[in-house]
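Throughout, protein chains are lettered first and strands after them, A, B, ... in sequence-line order, and every chain is numbered starting at 1.
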Number of protein chains: 2
Amino acid sequence: MIDQNIKIAVDAIVFGYEKGTLYVLAVQQRFGKLADRWVLPGGFILDDEPLITAVERELKEEAGITVNYLEQLGTFGDDVKRDERFRVISVAYFALVNPKNFVLKADTDAKDAKWFPVAQVPALGYDHNEMVKLAHQRLKSKLTYQPIGFDLLDHEFLFSDLENLYCSILERDIDRRNFRKKILSFGIVKETDKVVKIGASGRPGKLFVFDKPKYHQLLKENFQFDIRFA
Amino acid sequence: MIDQNIKIAVDAIVFGYEKGTLYVLAVQQRFGKLADRWVLPGGFILDDEPLITAVERELKEEAGITVNYLEQLGTFGDDVKRDERFRVISVAYFALVNPKNFVLKADTDAKDAKWFPVAQVPALGYDHNEMVKLAHQRLKSKLTYQPIGFDLLDHEFLFSDLENLYCSILERDIDRRNFRKKILSFGIVKETDKVVKIGASGRPGKLFVFDKPKYHQLLKENFQFDIRFA
DNA sequence: CTTAATTTGTGTAAAAACAACACAAAATTA
DNA sequence: TAATTTTGTGTTGTTTTTACACAAATTAAG
């Protein structure tokens with residue numbers, strides 16, 4: 001009766017941000033038809049394993065990382081030629097991580113794991129460049145209506161870090177005063193009393209933290225995070 | 001090596017709108033464990049068939065309809081118990097249709113096909129109520145930032161039709177003057193010179209059409225459709 | 001130790017968008 | 001011919017957004 005010869009995989013587009021540059025994680029395949037090729041971390045799911053668990057497992061195995069944010073991006077099913085023996089349908093997940101928190105280590109299946117600046121991602125195997133492109137768009141649009149930027153930063157950050165993150169990912173200029181005013185008006189970013197100088201010179205700045213519980217509380221009261229400015 | 005016992009299906013959440021009510025399409029299963037149960041239209045995909053083609057085929061087969069709008073909603077993969085013989089992962093699609101354009105007819109696999117008001121969808125088989133819920137949220141939010149409402153209406157419509165559609169789907173009051181002003185300011189809705197009276201009484205209204213080419217042209221110039229008002 | 005350079009931090013005013021609101025016109029029904 | 005229903009239209013006050021510049025705290029260089 002039902003005679004499908006299709007296998008299911010998951011793949012992850014993991015973004016990391018550091019000093020004004022957005023990176024994507026790729027791994028170098030150790031085995032198979034595409035040995036030595038760079039691809040997104042991912043792999044086949046187990047029969048009794050939830051999709052999201054499969055992604056987390058693969059990220060752990062192939063790169064040694066745990067993500068801050070993870071959501072389903074979409075399913076890419078028409079990659080009929082991925083493997084000669086069967087069609088592969090892949091469920092892609094979109095993830096955010098703070099690269100500082102991890103040392104990449106290629107473990108089981110992967111020969112190597114590496115951060116590529118999004119602007120310089122090489123030709124990946126399968127349809128993975130397409131996934132990266134879609135994920136990149138998702139990141140850009142989501143940044144404007146969900147406070148996910150914090151998942152790319154340190155727990156404590158300078159306001160300028162946040163501002164630069166928005167500037168560089170959205171690729172536009174932001175008015176510092178208006179940006180700060182708007183973010184602070186939401187009340188989901190708290191000022192700590194720590195003051196630090198991070199760069200070489202210049203006036204030291206206060207550290208801020210994202211108040212996640214407050215955000216979730218506001219959500220219940222119909223709060224809408226929204227950053228769209230000139 | 002890869003020994004998966006999983007099958008892939010697609011399911012569709014098809015919305016239709018008529019006279020202030022939003023409907024979802026369900027079909028009654030003819031065979032299998034859930035014979036006679038209402039479920040979303042859908043089914044297993046063929047080995048060499050793109051996902052979206054599978055959805056279109058199933059909609060044709062099970063209900064005799066062709067949709068106006070179709071996009072991937074998400075993949076529901078943890079429904080391990082759907083079938084006893086294997087796990088089923090289902091890729092759900094979100095679709096819009098104008099119910100007037102079709103007479104529902106249950107063809108191949110389905111015993112019956114029927115529109116249910118979203119507020120009165122019965123307990124469906126599998127995890128289909130969850131899919132409907134997610135699709136409903138998607139419809140509501142998408143209505144505010146993409147001009148998809150037109151896919152639920154006739155080609156030519158009264159302004160009041162459009163307004164009522166927004167009112168009833170978003171479940172809030174809309175100021176007629178502000179709504180009209182805003183929509184017309186986009187320049188994507190053209191007035192025809194036809195005038196009709198549709199209801200029993202009242203002043204006849206002009207018919208309007210959605211100018212899709214104009215919309216796509218504006219998109220290239222960075223236009224942002226956006227309806228968020230009190 | 002003084003000056004230049006760098007980065008943080010802050011307020012105001014003009015412009016644009018949004019919200020609130022009421023009545024006349026064209027038709028049907030009683 | 002009066003009552004009812006539905007379409008169609010502008011203005012004003014309020015809120016939000018944009019544009020914009022200079023002082024304060026530090027480091028680096030002379």
Original post:
Between R228(A) (CZ) and dA17(C) (C1'), how many Å, whole number?
Top reply: 13 Å

Original post:
Does a side-chain N or O from R180(A) land closer than 4.0 Å to OP1 or OP2 of dG9(C), or not?
Top reply: yes

Subject >> Protein-nucleotide distance (F179(B), atom CZ; dA20(C), atom P), rounded to Å >> reply: 16 Å

Original post:
K182(B) or G205(A): which one's nearest nucleotide on DNA chain C is closer to the 5' end?
Top reply: G205(A)

Original post:
Does the E62(B) side chain pair with the main chain of A113(B), one donor and one acceptor, at a distance under 3.5 Å?
Top reply: no

Subject >> Proximity to the side chain of L158(B) - top-ranked nucleotide from dG11(C), dT7(D), dT27(D) >> reply: dT7(D)

Original post:
Looking only at side-chain N and O atoms, does K206(A) come under 4.0 Å of OP1 or OP2 in dT8(C)?
Top reply: no

**OP:** Would you kindly give the CG-to-C1' distance between D226(A) and dT17(D), to the nearest whole Å?
**Re:** 12 Å

Original post:
Between F94(A) and F15(A), is the gap from one ring center to the other below 6.0 Å?
Top reply: yes

Subject >> Polar side-chain contact R203(B)-dT7(D) base: donor and acceptor under 3.5 Å >> reply: yes

**OP:** Ignoring backbone atoms, establish whether S160(A) has a side-chain N or O less than 4.0 Å from OP1 or OP2 of dT8(C).
**Re:** yes

Original post:
Roughly, in whole Å, what's the span from CG in D173(B) to P in dA20(C)?
Top reply: 11 Å

Subject >> Options dC21(C), dT26(D), dA24(C), nucleotide nearest the side-chain atoms of P204(A) >> reply: dT26(D)

**OP:** Indicate, with a heavy-atom threshold strictly under 4.0 Å, whether K181(A) touches base, sugar-phosphate, or nothing.
**Re:** base

Original post:
Can you check the K19(A) NZ to dT7(C) P distance for me, whole Å?
Top reply: 14 Å

**OP:** From the options dG11(C), dA25(D), dA26(C), select the nucleotide whose nearest atom is closest to the side chain of R177(A).
**Re:** dG11(C)

**OP:** For K133(A), look at atom NZ and say whether over 12 heavy atoms of other residues, nucleotides or ligands are found less than 6.0 Å away.
**Re:** no

**OP:** In whole angstrom, give the distance that lies between atom CD1 of I174(B) and atom P of dT7(D).
**Re:** 14 Å

Sequence neighbours left out, cut at 3.5 Å: what donor-acceptor pairs do the side chains of residues 157-167 of chain B make with other protein atoms?
from	atom 1	to	atom 2	distance (Å)
D161(B)	OD2	L158(B)	N	3.1
N164(B)	ND2	S160(B)	O	3.0
Y166(B)	OH	L143(B)	O	3.0

**OP:** To the nearest Å, give me how far apart CZ (R176(A)) and C1' (dT18(D)) are.
**Re:** 16 Å

Subject >> CA sep, side-chain torsions, deciding dist, call: V189(B), F150(B), side-chain contact (heavy atoms from CB on, under 4.5 Å) >> reply: CA-CA 10 Å; V189(B) 166; F150(B) 305 109; 3.6 Å; yes

**OP:** For the side chain of N178(B), starting at C-beta, report the closest nucleotide among dA22(C), dA19(C), dC20(D).
**Re:** dA19(C)

Original post:
Quick one: N164(B) CG to dT6(D) P, roughly how many Å, whole number?
Top reply: 10 Å

